[in-house]
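Here's the structure we're looking at; comments come further down.
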Amino acid sequence: MSSTTTTTQTTSQVETKAVSKPLGMRVNGKQWHAPKKAFRPGSGLTSYEKRAKERQLLAAVKAKEKELKDEKEAERKRRIEALKEKRAKKEEKERYDKMAEKMHKKRVERLKRKEKRNKLINS
């Protein structure tokens, strides 16, 4: 009989320890009020798996948008570079035409070849 009373006492002690966890004195002194929890109306509405899946989809969309944006920027840079090259060729041609007015044709051709060689060596 004494063994059964000790087991009931230990289980009741365990129950009281689990139920009554002292939180300390309240600042306002109203210990008779039940402790409140934070008001979070949207906390339990969606599961973690669903939120994780949405985040994954959002990350995939952002990656695709970034890829498209990078492609667009590369195309823009390519067009700008082509335009710059075209303008440089036109400028060089005008310069040679101006030189041809002043000098003999063969001398202009020699200067062209010489400048081409210098470009190849420098680059």
Side-chain angles (χ1 to χ4, degrees):
M1 196 151 53
S2 63
S3 65
T4 56
T5 54
T6 56
T7 55
T8 56
Q9 285 176 351
T10 54
T11 55
S12 64
Q13 287 174 351
V14 171
E15 288 175 11
T16 55
K17 285 182 182 177
V19 173
S20 63
K21 184 179 176 186
L23 297 171
M25 291 292 284
R26 282 181 151 220
V27 176
N28 61 7
K30 298 180 181 179
Q31 282 76 23
W32 61 89
H33 284 292
K36 293 182 178 178
K37 292 185 178 178
F39 178 66
R40 295 189 180 104
S43 65
L45 296 179
T46 57
S47 66
Y48 176 77
E49 291 83 18
K50 190 174 181 182
R51 287 195 312 268
K53 193 180 281 187
E54 285 176 3
R55 281 193 198 108
Q56 208 172 27
L57 288 172
L58 187 66
V61 168
K62 281 192 175 188
K64 184 70 174 171
E65 285 176 353
K66 187 178 186 321
E67 182 184 326
L68 292 172
K69 194 174 182 182
D70 290 345
E71 284 180 16
K72 192 174 180 181
E73 182 67 20
E75 177 65 25
R76 184 180 150 274
K77 285 185 178 180
R78 188 194 60 76
R79 275 190 316 217
I80 290 172
E81 193 63 35
L83 192 64
K84 283 182 182 178
E85 287 177 16
K86 187 178 174 183
R87 286 180 182 161
K89 281 184 181 179
K90 184 179 177 186
E91 200 174 289
E92 193 173 343
K93 188 175 184 285
E94 287 175 1
R95 191 170 64 87
Y96 283 133
D97 288 345
K98 206 173 207 181
M99 283 172 56
E101 289 175 7
K102 296 178 186 176
M103 297 181 212
H104 197 268
K105 188 178 177 183
K106 290 206 177 211
R107 184 167 183 199
V108 172
E109 293 296 323
R110 274 199 316 271
L111 284 171
K112 274 187 187 180
R113 287 195 300 271
K114 185 178 179 183
E115 286 179 6
K116 260 190 188 174
R117 279 194 301 267
N118 287 341
K119 273 187 193 174
L120 289 173
I121 290 171
N122 291 337
S123 63

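Nothing here was measured: the structure is a model prediction, and the numbers come from that model.
- Gln56 CD to Leu58 CG: the interatomic distance, rounded to the nearest 0.5 Å, is 11.0 Å.
- Listed by first then second residue, pairs satisfying salt bridge (charged side-chain N to carboxylate O under 4.0 Å, His left out) with a partner in residues 66-76 read Lys66-Asp70, Glu73-Arg76, Glu75-Arg78, not counting sequence neighbours.
- With sequence neighbours excluded, the residues forming a side chain to side chain contact (heavy atoms under 4.5 Å, CB included) with Ser43 are Arg40, listed by chain and number.
- With values rounded to the nearest 0.5 angstrom, Lys53 atom NZ is found 13.0 Å from Thr46 atom OG1.
- The hydrophobic cluster containing Met25, built from Ile/Leu/Val/Met/Phe/Trp/Tyr side-chain heavy atoms closer than 4.5 Å, comprises no other residue.
- Qualifying salt bridge (Lys or Arg N to Asp or Glu O under 4.0 Å) partners for Glu54, counting only residues two or more places apart in sequence or in other chains: none.
- For residues 101-113, there are no side chain to side chain donor-acceptor pair (under 3.5 Å) pairs, not counting sequence neighbours.
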Show me, pair by pair, the donor-acceptor contacts under 3.5 angstrom made by side chains of residues 89-98, not counting sequence neighbours?
from  : atom 1 : to     : atom 2 : distance (Å)
Glu92 : OE1    : Lys119 : NZ     : 3.1
Glu92 : OE2    : Lys119 : NZ     : 3.4
Arg95 : NH2    : Glu115 : OE1    : 2.8
Tyr96 : OH     : Glu115 : OE1    : 2.4

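- Remark: Asn28 pairs with Arg26, Lys30 by the side chain to side chain contact (heavy atoms under 4.5 Å, CB included) rule, at least two apart or across chains.
- Within 6.0 Å of the CD atom in Gln31, the count of heavy atoms belonging to other residues, nucleotides or ligands exceeds 12.
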